[in-house]
Amino acid sequence: MTLKLAIAQLNFVVGDLPGNAQKIIGAARAAYERGARLLLTPELSICGYAAEDLFLRPAFISACDDAVRTVARELADLAGMVVVVGHPTGSSLRSRSVAVQLRSNAASVLSEGRVLETYAKRELPNYQVFDERRYFTPGQGVCVFEAGGVAVGLLICEDAWFEAPAQLAKQAGAEILAVINASPFHVGKEGERVARMAERAKAVNLPLVYAHLVGGQDEVVFDGASFALQADGSIALQAESFKEQLVFAEAERGAGGVEFASNEAAVVAPRDAEAQLWDALVMGVRDYIGKNGFPGAILGLSGGIDSALVLAIAVDALGKDKVRAVMMPSPYTADISWIDARAMAERLGVRYDEISIKHTFESFRGALAEEFKGLAEDTAEENLQARIRGTLLMALSNKFGSIVLTTGNKSEMATGYCTLYGDMAGGFAVIKDLLKTTVFALARWRNAHDPYGTGFEPIPERIITRPPSAELRPDQTDQDSLPPYDILDGILSRYMEDDEGIDEIIAAGYDRAVVERVARLIKINEYKRRQAPVGIRVSHRSFGKDWRYPITSKFNETAGRKTA
């Protein structure tokens, strides 16, 4: 006996219920024609992940139920075909003050026009970017269904990270575990998933197939890379990451139980972290702009490393014809900045314009001269430049419809080294979750690789090697205001991403004064981050849904402590 199964590793759009249903129907028919009798779609495939507070709207849940029935009806003629579809279902009791969830993150088993079973996710994650307990109530049941003569135990994402759901499925007669997922990407997540699922397969001594979502949704990206494991945890199938695919595996019953047929060609070789990171950023930009209907993107190209990296990502994501770069020199812009900006635009073939802000800057200063009379120049004058540039970019965006891509990085967002209504002005923050040291590393990687055929070495070498500067005043560099980036990023990684305490970081070899200064900068700049555009999450802790600190707070970790 052999069961051929298929994984629909597809890119769904949140709320596009008719479009998502048609994608599932098309995948099921294609899989059936190739001999598959089981199709697995990702978690919440009907509505897309995550639909956030759309889950709270009764009309949305009703429309999802209708879409599930549509899929079942449209596939009724596929004799013996079983399709697993992820969707929300149920209701809630709500008033202005209270909400009691009776809704489930569910999956239905469809065959020959009928809904055979509906399974509710048991384990609801409520950490990092997950907020499922806001919307759903935990399921209590077990789902084991038959496909092609094989008993399949169904789990949804987080269920497989815990022991009980898989054990219960085996006790109910499952011969294979099918796990449907929407697991957001961060660097290193793919290997972690495989390792944890291998533990689960070995614990229950059952083969396991992991069907995963692909695509970008606001700040999160899903990387695909679906896989299948033998009962001993070894890989039998590994799909490509960041690509829509219909992938197949064959489960055979032998003397020792069900196992996947050997096929070395079905296992994709692992890729390095920079390649995955680049793909995540490219997909994040492409899907945010494409799914929201923007005709293209525009960004301020300064001749610095951050805007250079964003331009290279944007061209790989959208193509040169949909990207526009604008250089806006001020009185303090060095010649090498516009020379390097112009050179990079030529390498990538994008539209490039130069709009001088010198006269506008002087006009602003003149308008404020009486108010600022007798006061020394400081950040007030420096920030005028960024705000003029932000205004010009937004005007171009309004006129032509292209979204403004901001170019600030995580190190800047953490410390407030950015200007409200200036360089923070825009619609999408591409490298918001990249530390500055990662920006440099990724720029070098991209210069050495051409994953999307837009050309090697898009970033002039001098942009990478020159000291970073916002060019706010003569001979200014970032390190006039911040610790060296290798030190700053080391502290940020420990304090912000890993929640290490100040004393722990100092014990690791960092200077106390520098650590306390960085911690203070993170705290006092929360109000800026609340006003920043959404950006792509690529680490396990970003300044987005998984960072929820109060703006107003008197907590001081070092209060009352004697310092050395």
Side-chain angles (χ1 to χ4, degrees), residues 12 14-15 42-57 60-61 64 86-95 97-107 118-143 154-168 179-189 192-193 195-197 199-200 210 212-213 216-223 433 496-500 526 529-530 534-550 553:
F12 297 99
V14 166
E43 180 180 10
L44 294 172
S45 53
I46 279 288
C47 62
Y49 193 99
E52 301 186 59
D53 279 10
L54 283 174
F55 289 131
L56 302 179
R57 301 192 69 83
F60 182 75
I61 301 300
C64 289
H87 62 98
T89 192
S91 61
S92 64
L93 301 175
R94 298 181 68 196
S95 70
S97 301
V98 177
V100 178
Q101 302 305 341
L102 303 174
R103 193 181 299 105
S104 299
N105 178 344
T118 296
Y119 169 78
K121 186 175 182 179
R122 299 172 63 100
E123 304 291 343
L124 301 178
N126 223 63
Y127 53 86
Q128 293 180 343
V129 298
F130 300 105
D131 205 8
E132 292 200 16
R133 293 178 195 170
R134 176 178 174 85
Y135 307 114
F136 304 118
T137 189
Q140 301 296 322
V142 179
C143 179
L154 179 60
L155 305 176
I156 302 177
C157 204
E158 192 83 356
D159 290 342
W161 291 69
F162 291 84
E163 293 182 8
Q167 291 287 359
L168 290 170
V179 188
I180 65 170
N181 305 270
S183 174
F185 169 83
H186 66 246
V187 174
K189 186 68 174 288
E192 184 181 356
R193 286 192 208 107
R196 288 298 295 269
M197 292 305 102
E199 291 176 4
R200 189 63 55 238
Y210 187 101
H212 192 211
L213 184 64
Q217 170 59 32
D218 294 346
E219 72 182 70
V220 296
V221 177
F222 302 94
D223 54 317
D433 200 26
M496 181 262 165
E497 295 182 358
D498 296 335
D499 281 329
E500 288 189 15
E526 184 62 35
R529 290 188 291 271
R530 290 288 184 94
V534 65
I536 306 168
R537 175 188 184 268
V538 293
S539 72
H540 69 277
R541 188 86 184 277
S542 68
F543 286 122
K545 293 180 183 178
D546 41 350
W547 178 269
R548 305 182 191 184
Y549 278 78
S553 168

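When a residue number appears, it is its place in the shown sequence, counting from 1. Note that the structure is predicted; figures quoted are calculated from it, not measured.
A pairwise comparison of heavy atoms in Asp53 and Tyr135 identifies OD1-OH, 2.7 Å as the closest pair. Shortest non-hydrogen contact noted between Cys157 and Val179 is N-CG1, 3.8 Å. Nearest approach of Phe136 to Asn105, heavy atoms of both residues: CD2-N, 3.4 Å. Closest approach of Val14 to Ala50, counting heavy atoms only: CG2-O, 3.9 Å. Between Pro42 and Phe12, the shortest heavy-atom contact is CD-CE1, 3.8 Å. When all heavy atoms are compared, the tightest approach of Ser183 to Tyr210 is CB-OH, 3.6 Å.
Contact annotation: the side chain of Phe55 never approaches that of Arg134 to less than 4.5 Å [non-hydrogen atoms, C-beta and beyond]. Proximity of Asp223 to Arg193: side-chain heavy atoms (C-beta onward) are separated by under 4.5 Å at one or more points. In this structure, the side chains of Glu163 and Arg200 come closer than 4.5 Å at one or more pairs of heavy atoms.
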Could you walk me through whether Asp131 and Glu52 pass the side chain to side chain contact (heavy atoms under 4.5 Å, CB included) check?
CA-CA 8 Å; Asp131 205 8; Glu52 301 186 59; over 6 Å; no
Between Val538 and Phe185, does the side chain to side chain contact (heavy atoms under 4.5 Å, CB included) criterion hold? Intermediate values first, please.
CA-CA 6 Å; Val538 293; Phe185 169 83; 4.2 Å; yes
Trace of the side chain to side chain contact (heavy atoms under 4.5 Å, CB included) decision for Glu43 with Lys121
CA-CA 10 Å; Glu43 180 180 10; Lys121 186 175 182 179; 2.7 Å; yes
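Going from atom OG of Ser539 over to atom CG of Asp433 covers 3.5 Å, rounded to the nearest 0.5 Å. The CZ atom of Arg133 sits 9.5 Å away from atom OH of Tyr127, with the distance rounded to the nearest 0.5 Å.
In this structure Tyr549 satisfies the side-chain contact (heavy atoms from CB on, under 4.5 Å) test together with Asp499, Glu526, Arg541, Trp547, sequence neighbours excluded. Among residues two or more places apart in sequence or in another chain, the side-chain contact (heavy atoms from CB on, under 4.5 Å) test is passed with Ala120 by Ser104. Every residue meeting the side-chain contact (heavy atoms from CB on, under 4.5 Å) condition with Val129, not counting sequence neighbours, appears here in chain and number order: Pro184, Glu219, Val220, Arg537, Lys545, Asp546.
Exactly one of Ile156, Leu44, Leu155 qualifies for a side-chain contact (heavy atoms from CB on, under 4.5 Å) with Ile180. That residue is Ile156.
No donor-acceptor pair under 3.5 Å is formed between the side chain of Asp159 and the backbone N or O of Pro165. Judged by distance alone, the side chain of Arg103 and the main-chain N or O of Thr89 form no donor-acceptor pair under 3.5 Å. Remark: the backbone N or O of Leu102 is not paired with any side-chain donor or acceptor of Ser91 at under 3.5 angstrom.
Annotation for Glu192: atom CD counts as buried by contact number, over 12 foreign heavy atoms lying within 6.0 Å.
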